[in-house]
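The structure under discussion appears below in the form of structure tokens.
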Amino acid sequence: MGATYVDVTIRNPAEPHRTWTGAFLVDTGAFDSLVPRSHLEAIGLVPRGSREYTLADGRRAALDITVAEIEFEGERVGGTIIYGDDGIEPLLGVTALESGGFEVNPRSERLERLPAVLLKDISRPGAA
């Protein structure tokens with residue numbers, strides 16, 4: 001399978017007019033999304049903590065994270081963003097991808113909408 005890219009806008013939820021847009025590699029092997037630190041700082045986002053990740057080469061690293069709005073293909077979702085080194089390629093992780101209702105078609109290497117997900121009938125107690 002080749003590389004799939006999508007234009008993504010990262011939005012500061014506290015100041016929605018502050019955004020950064022770039023071409024993101026869709027990485028279905030990455031749980032969270034990743035953006036170079038300088039872009040996150042430029043829109044006023046600050047680290048909210050750190051999380052340990054296993055990198056592609058097998059090393060483990062504690063990386064700063066924040067929460068932001070992630071907009072792509074006409075959908076806007078909230079998600080965890082990893083602070084990457086400056087110059088690193090932005091990644092769109094699988095949680096944002098699926099939260100937006102998309103999957104990658106391995107043949108066309110394009111994003112496709114997921115089929116609708118059925119929810120349990122919550123209007124009646126005990127309904128299935």
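As the structure is a computational prediction, the values presented were derived from the model and not from experiment.
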- Run the side chain to side chain contact (heavy atoms under 4.5 Å, CB included) check on Ile81 and Leu40 step by step: do they pass? CA-CA 9 Å; Ile81 306 289; Leu40 298 174; 3.8 Å; yes
- Item | Any donor-acceptor N/O pair, Asn105 side chain to Ser108 backbone, under 3.5 Å | yes
- Query: Which value, rounded to the nearest 0.5 Å, describes the distance between Asp64 atom CG and Arg48 atom CZ?
  - Reply: 12.5 Å
- Message: Rounded to the nearest 0.5 Å, what separates atom CD1 in Ile82 from atom CD1 in Ile88?
- Response: 9.0 Å
- Nearest heavy-atom contact between Leu34 and Glu89 is CD2-O, 3.7 Å
- Query: Would a hydrophobic clustering, with Ile, Leu, Val, Met, Phe, Trp and Tyr connected at side-chain separations under 4.5 Å, put Leu63 with Leu91?
  - Reply: yes
- Message: Pairing donors with acceptors under 3.5 angstrom, does anything connect the side chains of Ser38 and Asp86?
- Response: yes
- Any side-chain heavy-atom pair from Glu75 and Arg113 closer than 4.5 angstrom? yes
- What residue pairs, at least two apart or across chains, pass ring-ring contact (aromatic ring centres under 6.0 Å, His included) with a residue in residues 13-40? Trp20-Phe24, Trp20-His39
- With the 4.5 Å side-chain cut-off for hydrophobic clustering, are Val35 and Val77 part of the same group? yes
- Query: Can you tell me how far the CG atom of Asn12 sits from the OG1 atom of Thr66, to the nearest 0.5 Å?
  - Reply: 8.0 Å
- Query: Where the side chain of Thr19 meets the backbone of Ile10, is there a donor-acceptor pair that is under 3.5 Å apart?
  - Reply: no
- Message: Would you say that Pro47 contacts Arg37 through its side chain, given a criterion of any heavy-atom pair below 4.5 Å between the two side chains?
- Response: yes
- Message: Side chains of Leu45 and Pro13, heavy atoms from C-beta outward: is any pair under 4.5 Å?
- Response: yes
- Message: Please evaluate residues Ser33 and Leu92 with respect to the criterion side chain to side chain contact (heavy atoms under 4.5 Å, CB included), reporting the C-alpha separation (whole Å), side-chain torsions for both, the decisive distance (0.1 Å), and the verdict.
- Response: CA-CA 5 Å; Ser33 299; Leu92 182 64; 3.7 Å; yes
- Drop me the distance from Thr28's OG1 to Glu98's CD, to the nearest 0.5 angstrom. 9.0 Å
- Short question: side chain of Arg11, backbone of Pro16 - any donor-acceptor pair under 3.5 Å? yes
- Query: How about Tyr5 and Glu109: does a side-chain donor come under 3.5 Å of a side-chain acceptor?
  - Reply: no
- Item | Test item: Val8 and Ile70 side chains (from C-beta on) under 4.5 Å apart, heavy atoms | yes
- Salt bridge or not for Arg51 and Asp32, using N-O below 4.0 Å? yes
- Query: Can you list the steps and then say if Leu25 with Thr4 is a side chain to side chain contact (heavy atoms under 4.5 Å, CB included)?
  - Reply: CA-CA 6 Å; Leu25 173 64; Thr4 300; 5.7 Å; no
- Query: Can you pull the ring-ring contact (aromatic ring centres under 6.0 Å, His included) pairs that have at least one residue in residues 49-87, sequence neighbours excluded?
  - Reply: Phe72-Phe102
- Item | Salt-bridge criterion met for Arg110 and Glu103 (N-O under 4.0 Å) | no
